[in-house]
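Reading through the structure tokens given below for one structure.
In what follows, every heavy atom counts, from backbone to side chain, and hydrogens, waters and symmetry copies are set aside. Numbering of ligands and ligand atoms starts at 1, following listing order.
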Amino acid sequence: MQISFAAMPKTGPLASGSGTLVLGALEGPKLAHETDSGLSAILTRAMTAAGFKGKPGQMVEILAPSGSKRSRILIAGLGKAENINTAIADMIGATVTGKLLDRETEVTFAIEVPKKAKISDGEFAAHLAFGAQMRSYRFDLYRTAPRDEKPTLAKVTIATAEGATARKDWEELSAVGEGIFWARDLVNEPPNVLYPEEFARRTKVLAKLGVKVEILNVAHMQKLGMNSLLSVGWGSARPSALVVMQWSGAPKGKKTAPVAFIGKGVCFDSGGLSLKPAGSMVGMKGDMAGAATVVGVMHALARRKARVNAVGVIGLVENMPDGAALRPNDVVTSMSGKTVEVLNTDAEGRLVLADALWYTQSRFKPRFMINLATLTGAIVTALGLEHAGLFSNDDALSAQLSEVGTAEGELVWRLPLSDAYDKLLRSKIADMKNIGGPAAGSITAAQFLQRFVNNVPWAHLDIAGVAWQDGEQKALIPSWSTGWGVRLLNRLVAEHYEG
Ligand code: BES
Ligand code: MN
Ligand code: ZN
């Protein structure tokens, strides 16, 4: 799908061009585009007949009048002028694309944004493009026959009075979009294809964008003492790996300590010897979504040449049962020197992150560490599929994440940490055990991680409920995997850590 921007048609939008024309209508409904009175009358009649009120998300479709080269006209509801924002533009771009994907070849958006709107005409146009891009995502690598109609929509043109702004914003947004597609692809891949070393290998393409990529193999990690991470892979036929990605975009002489993103990359989580029941194992190819998001964020930052130094560290393992597998009751010594009594091998994500966090803070002394992990089923019980769980030792970082999350539509909700919860991790024979009791499962998992964080601002995002979707599909996410977190973290950097 090719996306481009053009000037607003001066003569009346039906005078030229082919394919579907998309116009906007404010709540009322009231057409947002000045057009000739003949066409106005036709559109007004159609809106009335359809009971269309111009609310965001509402849409009317009519066949283009004879004499026009257009095939049809779509009127998209914009809502109240003063409420028009990027989310509405994203949604319209995505919804229209979804509607036309397999029954049209060309579409032109000619929506005029009123002055009263929260965003400019150029920004609106760029976000229409972003919505269209998001909705065009597909993962058909393993189909030999198309599931439904083949996509035909090849050309998307967005008319705007502010082409320069639109193109500039789109350059940034499409970089983020590419990062999201990367993350989605990695999460959708089956685990027999995307095992730890293959995942690591795929991160190397980031080098083309100027990202330094290092892959640490098992021997290297053994030398570093990463036995907590490595123990998870003991039962797997696939060797574990750790990938370190560095983007150095900060202007010379500016703050050079990097921001750091750390991801849980369990390429398949069977539970290990504490084996999951069959039903719970399905979907556990996605247990590397935290790592995928980190790759997606690094891609976005590098692609848009973000003025920041950033590191991404991902721990890649496969959690399997086997004669050599980690046992409940085993004690492992982590890179920090702290010992962990493993009482449940299905609480493996925290074992991976313990060493990845420790390594990141020791080597990079980062400005902050944010880790992402599909860490606990309990977070789905607590927050459902709407918010990711946020745990943090830093109120400022936490507030930034909450704010940015709301703006980007990737919501987070903070849950507590305290000594009282930390006590639940006391072990009878080692420094800690890897599970708490039956209560507060997401919090005790976060407490476990915090034991591997020193005096660094840190946030843990438990994304078990938002990394993929088994139920209803969202307008911008036509896929099982969501790519959740790429937008959030990219915007966090853009708003607070660049320059
Ligand atoms: N990867 C799972 C968490 C998970 C569950 C993610 C459901 C997405 C959907 C994690 O490794 C796990 O198994 N956690 C256990 C922890 C328990 C053993 C303390 C869980 O949530 O049951
Ligand atoms: Mn598990
Ligand atoms: Zn897991």
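- By the 4.0 Å heavy-atom criterion, Phe448 is excluded from the residues contacting ligand 1.
- Which of Glu348, Arg350, Met288 comes nearest to atom 16 (C) of ligand 1 through a heavy atom is settled by distance: it is Arg350.
- Gln447 pairs by the side chain to side chain contact (heavy atoms under 4.5 Å, CB included) definition with Leu417, Tyr421, Asp422, Leu425, Ile443, Gln450, not counting sequence neighbours.
- Protein heavy atom closest to atom 18 (C) of ligand 1, with residue, atom name and distance, is Asn344 ND2, 3.5 Å.
- Applying the side chain to side chain donor-acceptor pair (under 3.5 Å) criterion to Glu341, with sequence neighbours excluded, gives Ser427.
- At least one N or O atom of Lys264, backbone or side chain, sits closer than 3.5 Å to an N or O atom of ligand 1.
- Looking only at heavy atoms of the protein, atom 12 (C) of ligand 1 is closest to Asp346 O, 3.2 Å.
- Protein contacts to the Mn ion (ligand 2) involving N, O or S atoms at a distance below 2.8 Å are Asp269 OD2, Asp346 O, Asp346 OD1, Glu348 OE1.
- Protein N/O/S atoms closer than 2.8 Å to the Zn ion (ligand 3): Lys264 NZ, Asp269 OD2, Asp287 OD2, Glu348 OE2.
- In this structure, Arg367 forms no cation-pi arrangement with Tyr497, as its terminal cationic atom is not both closer than 6.0 Å to the ring centre and no more than 45° off the ring axis.
- Taking any N or O of Ala378, backbone or side chain, none lies under 3.5 Å from an N or O belonging to ligand 1.
- Paired with His460 under the rule ring pair (Phe, Tyr, Trp, His ring centres under 6.0 Å), one option of Phe391, Phe448, Phe368 passes, and it is Phe391.
- Looking at Glu498 and Arg491, no side-chain N of the basic residue comes within less than 4.0 Å of a carboxylate O on the acidic one, giving no salt bridge.
- Between Asp287 and Phe268 the shortest side-chain heavy-atom distance does not fall below 4.5 Å.
- Counting the atoms of ligand 1 from 1 in the order shown, those under 4.0 Å from a heavy atom of Thr374 are 1 (N), 2 (C), 3 (C), 6 (C).
- The nearest protein heavy atom to atom 21 (O) of ligand 1 is closer than 4.0 Å.
- For the pair Lys285 and Trp480, the cation-pi criterion (under 6.0 Å, within 45° of the ring axis) is fulfilled.
- The protein atom (non-hydrogen) at minimum distance from atom 19 (C) of ligand 1 is Ile435 CG2, 3.6 Å.
- Looking at atom 9 (C) of ligand 1, its nearest protein heavy atom turns out to be Met284 CE, 3.6 Å.
- Leu229 places a side-chain heavy atom less than 4.5 Å from the side chain of Ser240.
- At least one N or O atom of Asp269, backbone or side chain, sits closer than 3.5 Å to an N or O atom of ligand 1.
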Salt bridge (Lys or Arg N to Asp or Glu O under 4.0 Å) between Asp90 and Arg487, worked out: CA-CA 13 Å; Asp90 287 347; Arg487 290 182 78 167; 3.0 Å; yes

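- Using modelled atom types and a 3.5 Å distance limit, the side chains of Ser392 and Ser398 yield no donor-acceptor pair.
- Among all protein heavy atoms, the one lying closest to atom 10 (C) of ligand 1 is Leu375 O, 3.3 Å.
- Between Asp287 and ligand 1, an N or O atom pair is found at a separation short of 3.5 Å.
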